[in-house]
2 protein chains.
Amino acid sequence: MYHYRYPRGALTVDCVVFGLDEDDLKVLLIERDQAPFEGKWALPGGFVRLDETLEAAALRELGEETGLSRLYLEQLHAFSRVDRDPRERVVSVAFYSLVKLGDHRVQAATDARDAAWFPVHDVPTLAFDHEEILEVAIERLRQKLRHEPIGFELLPSKFTLSQLQRLYEIVLERSLDKRNFRKRVLAMDLLIETDEVQQDVAHRAARLYRFDEKKYQKLRKAGFSFDV
Amino acid sequence: MYHYRYPRGALTVDCVVFGLDEDDLKVLLIERDQAPFEGKWALPGGFVRLDETLEAAALRELGEETGLSRLYLEQLHAFSRVDRDPRERVVSVAFYSLVKLGDHRVQAATDARDAAWFPVHDVPTLAFDHEEILEVAIERLRQKLRHEPIGFELLPSKFTLSQLQRLYEIVLERSLDKRNFRKRVLAMDLLIETDEVQQDVAHRAARLYRFDEKKYQKLRKAGFSFDV
DNA sequence: CCAAAAGTGTTTCACGTACACCCATGC
DNA sequence: GCATGGGTGTACGTGAAACACTTTTGG
């Protein structure tokens, strides 16, 4: 048992993990196998330990609950409604994360019966205030995508311009002009044209590109802004 | 005494309060009168209670330590380095706040020997990781100012266009063209021209404007973006 | 009348946007 | 040969940026 002079709330992290498939932006949810909200779907997350940062806790929980690792992770917001957890006072710091869907086969683990991807606009009723967290995360992702080239985190490392465009259309929820999109995205000069093309498609194969991560980091350190 | 099965860290809030005077962006600091860092300057802040949200805690602490109230407040980031507090594990959620300097006479109170405004680029050595928090806050303020009309929170409710321009120049740290600035800021159509002019100036008195808060809220709800 | 800041328009250039057709490939 | 998506250029309009002088007021 641990003793304190004043009462203390608990501190958790919750992760909104985004992935992209052919036609949807997806979010990773787990089905809880413990009270409260046993059997309900929820964002992966859990308690923060004393010897780890919030970021480390988020990564650890994701590994434990879903098997995910090595992913883009960014702090979103702290949620602190007094009654957001029925057990006791719990403040949660939410993160959002972008993963390449193909790379990761998620699997339920600790604290979870199951883990699965849901279209962000078609999720079941969620535990706690997780629906609110999800909404905030979607909005933030949209904002971020407009101003920084982070979309690549959602795509395989080699991708076609059409895949990239589809990504923007799905996240921003509007259609974009193909020629203008290609002009802008090539003009920012952060794509490397590979000498490979798509395989196994029933039509003309598209050229594959890679994101120039190094160049981007250099520009970013030099204080740059993008706005796709 | 309070007992828990697992050890718990403490949770605090810290506030970066910005104000603007003639020639500087200022930040409000308090001189601590308790260990740790007794006698050092720090951001105002303190422990979060179980029956209040983080936002409420931030407002309460600001009131207690500095006498400030009714101000623009926004969550910044959670800071969680394991050793950021020498006593024990403390995670802090930082906020930033904008106040109209003229309106507020700050006064030291609870936990503080003194409270004072410092130019953001000329602060003493700060307690904890507060210098890092301040840097993040400045950067965030800059970003926000570029995309949303929040600068008015730093000015008296009636202000001249030159004051507004000076605000942008000070925060963004670059000079702006007077005519282009006036065009842009008037074009967004959120300023109300009053029939008053500056008083007691040793030159031609400038017209005073007010920010059209109601109109702005309407546009914002309709999903709008600005970019000054 | 001088100092100090207020106020005001035009031109130029870059970039966003709208828009339609031919090409390569697999079946 | 046909279906499917890949790939390409131009014209137009809007908005950002550069730029300098006159006006008003107080001292």
Side-chain angles (χ1 to χ4, degrees), chain A residues 20-23 142 145-149 155-156 158-170 172-210 219 224-228, chain B residues 20-23 142 145-149 155-156 158-170 172-210 219 224-228:
Chain A
L20 190 79
D21 70 7
E22 305 308 309
D23 15 58
R142 230 174 250 147
L145 188 64
R146 266 201 272 272
H147 302 292
E148 275 173 72
L155 292 179
K158 292 174 188 170
F159 51 86
T160 69
L161 295 184
S162 292
Q163 285 179 296
L164 186 61
Q165 181 176 345
R166 202 154 36 239
L167 184 166
Y168 275 85
E169 292 181 330
I170 288 172
L172 301 182
E173 291 177 353
R174 66 193 176 96
S175 59
L176 299 170
D177 178 82
K178 181 160 62 162
R179 280 165 295 189
N180 293 336
F181 180 81
R182 289 160 110 91
K183 247 182 294 173
R184 272 211 308 278
V185 75
L186 290 174
M188 75 181 181
D189 207 28
L190 285 174
L191 293 188
I192 301 169
E193 184 176 332
T194 71
D195 49 8
E196 295 167 68
V197 293
Q198 269 180 319
Q199 299 299 320
D200 305 316
V201 285
H203 52 78
R204 176 172 177 182
R207 166 129 281 129
L208 294 174
Y209 290 80
R210 288 188 300 111
L219 287 175
F224 220 75
S225 119
F226 291 87
D227 296 37
V228 179
Chain B
L20 190 79
D21 70 7
E22 303 309 308
D23 15 58
R142 231 175 249 148
L145 188 65
R146 266 200 272 272
H147 302 291
E148 276 174 72
L155 292 178
K158 292 175 187 170
F159 51 86
T160 69
L161 295 184
S162 292
Q163 285 178 297
L164 186 60
Q165 180 175 346
R166 202 153 38 239
L167 184 167
Y168 276 86
E169 291 181 329
I170 288 173
L172 301 182
E173 291 177 354
R174 67 195 175 93
S175 60
L176 299 169
D177 178 81
K178 182 160 61 161
R179 280 165 294 185
N180 292 336
F181 180 81
R182 289 160 109 93
K183 247 182 294 173
R184 273 211 308 279
V185 74
L186 290 174
M188 74 181 182
D189 206 28
L190 286 173
L191 293 187
I192 300 169
E193 184 175 331
T194 71
D195 49 7
E196 296 167 67
V197 294
Q198 270 180 318
Q199 299 299 320
D200 304 315
V201 285
H203 54 77
R204 177 172 175 182
R207 167 130 280 130
L208 294 174
Y209 290 80
R210 288 188 301 109
L219 287 175
F224 220 75
S225 120
F226 291 87
D227 296 38
V228 180

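Below, read A as the first sequence line, B as the second, and so on, with proteins coming before strands; counting in each chain starts at 1.
- In terms of heavy-atom proximity, B/Arg142 sits nearest to B/Leu172 at CG-CD2, 3.6 Å.
- Contact between A/Leu161 and A/Val185 at its shortest, heavy atoms only, is CD2-CG1, 4.4 Å.
- Heavy-atom minimum distance, B/Met188 versus B/Pro149: CE-CB, 4.4 Å.
- Reading DNA chain C from its 5' end, the first and the last nucleotide to sit under 4.0 Å from a heavy atom of chain A are C/dT17 to C/dG26.
- Atom CZ of residue B/Arg166 and atom CG of residue B/Asp21 lie 10.5 Å apart, to the nearest 0.5 angstrom.
- Whole-Å rounding puts the B/Phe181 CZ to D/dG15 P distance at 18 Å.
- The nearest pair of heavy atoms linking A/His147 to B/His147 is CE1-CE1, 3.8 Å.
- Closest approach of A/Leu208 to A/Thr160, counting heavy atoms only: CD2-CG2, 3.7 Å.
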Letter per nucleotide, 5' to 3', of nucleotides 3-10 of chain D [B base touched, S only sugar-phosphate touched, - untouched; heavy atoms, 4.0 Å]: -BBBBBBB
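- Checking A/Arg184 against A/Val201, the closest nucleotide of DNA chain C that is more toward the 5' end is the one next to A/Arg184.
- Counting only heavy atoms from C-beta outward, the side chains of A/Arg182 and A/Ser162 approach each other to under 4.5 Å.
- The backbone N or O of A/Arg207 lies less than 3.5 Å from no partner atom in the side chain of A/Glu193, so there is not a single donor-acceptor pair.
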